[in-house]
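Lettering follows sequence order; numbering is per chain, from 1.
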2 protein chains.
Amino acid sequence: MAGKRTSAKNDTTTELKIKNAARVVFHQKGFAATRTRDIAEAAGINLALLNYYFRSKKKLFDLIMLESLQQFTLSVSDVFNDEKTTFEHKLQVLCRRYIDMLTEHPDIPLFILSELRTNPNELISRIHIKENLLKSHFIKQFSEQVKSGKISAIAPLQFMMNLIGLIVFPFVASPIVKSIGDLSQEEFVKLMQERKALIPKWLNAMLEV
Amino acid sequence: MAGKRTSAKNDTTTELKIKNAARVVFHQKGFAATRTRDIAEAAGINLALLNYYFRSKKKLFDLIMLESLQQFTLSVSDVFNDEKTTFEHKLQVLCRRYIDMLTEHPDIPLFILSELRTNPNELISRIHIKENLLKSHFIKQFSEQVKSGKISAIAPLQFMMNLIGLIVFPFVASPIVKSIGDLSQEEFVKLMQERKALIPKWLNAMLEV
DNA sequence: GTCTATAACGTGATAGAC
DNA sequence: GTCTATCACGTTATAGAC
């Protein structure tokens with residue numbers, strides 16, 4: 001694309017400044033509401049440079065979207081598919097990791113879901129979500145427990161929706177949550193941290209119904 | 001704004017055709033990605049007529065947003081505040097009503113949440129969400145049960161996030177859910193219908209941890 | 001690589017005939 | 001009330017100097 005650097009000496013190259021600014025603005029406003037001028041200004045560079053490095057708004061956006069999707073899936077797929085750990089353990093690690101990731105990047109889920117609504121097929125195929133979730137070792141362990149009668153017979157898909165929903169939804173609805181609870185950002189984070197331990201307990205309880 | 005009709009004889013007035021088309025397009029694509037030409041075309045009318053009836057894109061959007069917010073809150077606030085019914089009963093009715101409403105208008109939650117991300121304060125104040133949710137009779141009953149030791153001591157806010165999240169999240173993430181489950185629209189609806197009975201059970205189980 | 005100036009285009013809104 | 005034609009503006013992208 002441009003600028004081959006001989007080493008990763010300096011993290012604040014122009015290209016990176018633009019990409020970092022683009023990530024912030026796209027995450028907050030989505031593709032359609034974002035103007036390339038916003039990104040250029042946030043990056044502290046000239047508008048022409050954006051096109052010089054990334055050719056077009058869409059190309060830059062696709063790059064950010066791909067990275068965001070990877071961040072959302074890769075951060076957990078290795079947990080899901082670790083054959084050495086128990087179901088219980090996976091559940092706990094997953095909640096901790098996801099909530100930490102979302103605390104740091106709270107705009108990612110709504111960003112992905114909003115854009116997914118307009119271009120579903122193109123994007124979904126990129127993330128191998130079925131492989132990462134429904135066909136994971138985690139779900140295999142889940143199904144075995146169902147068969148052995150240790151937990152009640154819920155469809156794995158229902159369980160996955162509950163798991164991801166309990167983790168993700170508060171972040172997606174954070175403006176509402178903060179508003180009805182009169183919460184500062186710090187208080188909101190604290191509430192989310194509490195959920196790290198609560199969600200695994202809740203999910204286990206749900207499985208015993 | 002225009003066209004005073006002497007009676008509601010005909011539901012397909014031009015004004016209504018535009019509003020109905022606007023609702024569909026705005027819900028699907030959001031404010032920024034929607035072009036007034038899209039709405040006009042969907043309504044089968046001329047672009048000029050849109051401005052004749054609603055003066056501007058923003059005015060039309062505000063109208064749709066207000067209606068959507070009301071649909072999301074009013075459909076349940078009377079259930080929440082019915083002083084004659086039990087906590088249990090409210091929980092069941094709420095799930096049934098919400099899931100039915102969302103099955104009919106599945107785009108409303110993501111529409112609201114997306115737009116909320118850009119204009120939080122302006123919108124949140126419009127819906128009296130605190131009155132409808134946290135200060136409701138439903139939450140009063142919840143807190144009493146906590147005090148009497150019948151259920152474990154979860155913060156009401158955590159409980160509300162779980163309740164709404166379990167109901168709403170699958171619709172917000174429906175493209176992903178359909179994709180990983182290989183579900184047709186009909187199968188997805190069936191999955192949601194199952195949740196009407198499951199969610200109250202799950203929530204009760206969670207409260208016993 | 002970085003900038004200024006500008007082209008090319010899309011979109012919201014209006015004027016004016018019917 | 002409804003249409004066609006058009007304006008006015010904002011935005012993406014590029015040309016060309018440095």
Side-chain angles (χ1 to χ4, degrees), chain A residues 1-65 114-115 118-119, chain B residues 1-65 111 114-115 118-119 122:
Chain A
M1 197 133 286
K4 306 183 185 181
R5 267 148 276 102
T6 47
S7 73
K9 230 205 252 199
N10 189 1
D11 259 0
T12 55
T13 72
T14 300
E15 194 177 350
L16 257 180
K17 275 197 291 186
I18 297 174
K19 218 169 80 173
N20 289 333
R23 177 165 31 246
V24 172
V25 181
F26 277 137
H27 279 187
Q28 273 178 9
K29 317 214 289 184
F31 179 79
T34 294
R35 296 172 308 159
T36 51
R37 281 170 169 79
D38 296 337
I39 299 174
E41 193 183 351
I45 52 95
N46 189 277
L47 174 58
L49 274 180
L50 189 151
N51 290 292
Y52 173 73
Y53 278 100
F54 299 97
R55 290 190 53 92
S56 79
K57 178 186 178 184
K58 184 64 166 31
K59 287 249 198 319
L60 177 53
F61 175 82
D62 285 343
L63 207 67
I64 300 296
M65 174 56 80
S114 303
E115 303 297 336
T118 330
N119 356 350
Chain B
M1 195 130 288
K4 308 183 187 184
R5 265 148 278 101
T6 47
S7 73
K9 230 204 249 199
N10 190 0
D11 260 359
T12 53
T13 72
T14 300
E15 194 178 350
L16 258 181
K17 273 197 290 186
I18 297 173
K19 219 170 79 173
N20 288 335
R23 178 166 27 247
V24 172
V25 181
F26 277 137
H27 279 186
Q28 273 178 8
K29 316 215 288 183
F31 179 79
T34 294
R35 298 173 306 162
T36 51
R37 283 172 168 80
D38 296 337
I39 299 174
E41 193 184 348
I45 54 95
N46 189 278
L47 173 58
L49 274 181
L50 188 151
N51 291 293
Y52 173 75
Y53 277 100
F54 297 96
R55 290 189 52 91
S56 80
K57 178 187 179 186
K58 184 64 167 33
K59 287 248 198 318
L60 177 52
F61 175 81
D62 285 344
L63 208 67
I64 300 297
M65 174 56 79
F111 169 69
S114 303
E115 302 297 336
T118 330
N119 357 353
E122 178 197 349

Original post:
Counting only N and O atoms by type, is there a donor-acceptor contact under 3.5 Å from the side chain of Asp38(B) to the main-chain atoms of Arg35(B)?
Top reply: yes

Original post:
Between atom CZ in Arg55(A) and atom P in dT14(D), what is the gap in whole Å?
Top reply: 7 Å

**OP:** For the side chain of Leu49(A), starting at C-beta, report the closest nucleotide among dA13(D), dA13(C), dT2(C).
**Re:** dT2(C)

Original post:
Quick one: does Thr36(A)'s side chain get under 4.5 Å of Leu60(A)'s, heavy atoms only?
Top reply: no

Original post:
If you check the Tyr52(A) side chain, which of dG1(C), dT11(C), dA13(D) turns out closest?
Top reply: dG1(C)

Original post:
Quick one: which of dA13(C), dT4(C), dA13(D) gets closest to the side chain of Leu47(B)?
Top reply: dA13(C)

Subject >> Gap between atoms CG and P, on Leu50(A) and dG1(C) respectively (whole Å) >> reply: 15 Å

Original post:
With respect to the phosphate group of dC3(C), does any side-chain polar atom (N or O) of Asn46(A) fall under 4.0 Å of OP1 or OP2?
Top reply: no

Original post:
In whole angstroms, how far is the P atom of dT11(C) from the CG atom of Asn51(B)?
Top reply: 15 Å

Original post:
Are OP1 or OP2 of dT2(C) and a side-chain N or O of Thr14(A) less than 4.0 angstrom apart?
Top reply: yes

Original post:
Ile45(A) has a side chain; which of dC3(C), dT2(D), dA13(D) sits nearest to it?
Top reply: dC3(C)

Subject >> Residue of the set Lys29(B), Arg23(B), His27(B) for which side-chain contact (heavy atoms from CB on, under 4.5 Å) holds with Val25(B) >> reply: Lys29(B)

Subject >> Selected nucleotide, minimal atom distance to Arg35(B) side chain, candidates dA15(C), dG12(C), dA13(C) >> reply: dG12(C)

Original post:
Is there a donor-acceptor contact under 3.5 Å from the side chain of Lys57(B) to the main chain of Phe31(B)?
Top reply: yes

Subject >> Whole-Å distance separating the NZ atom of Lys57(B) from the P atom of dG10(C) >> reply: 16 Å

**OP:** State the CD1-CG distance between Ile64(A) and Asn20(A), to the nearest 0.5 angstrom.
**Re:** 8.0 Å

**OP:** Please state how far atom CG in Leu16(A) lies from atom P in dG1(C), giving the value in whole angstrom units.
**Re:** 13 Å

**OP:** Taking only the side-chain nitrogens and oxygens of Thr36(B), find out if one of them lies under 4.0 Å from OP1 or OP2 of dG12(C).
**Re:** yes

Original post:
With respect to the phosphate group of dT2(D), does any side-chain polar atom (N or O) of Tyr53(B) fall under 4.0 Å of OP1 or OP2?
Top reply: yes

Subject >> Contact nearer the 5' end of DNA chain D, comparing Lys58(A) with Arg37(B) >> reply: Arg37(B)

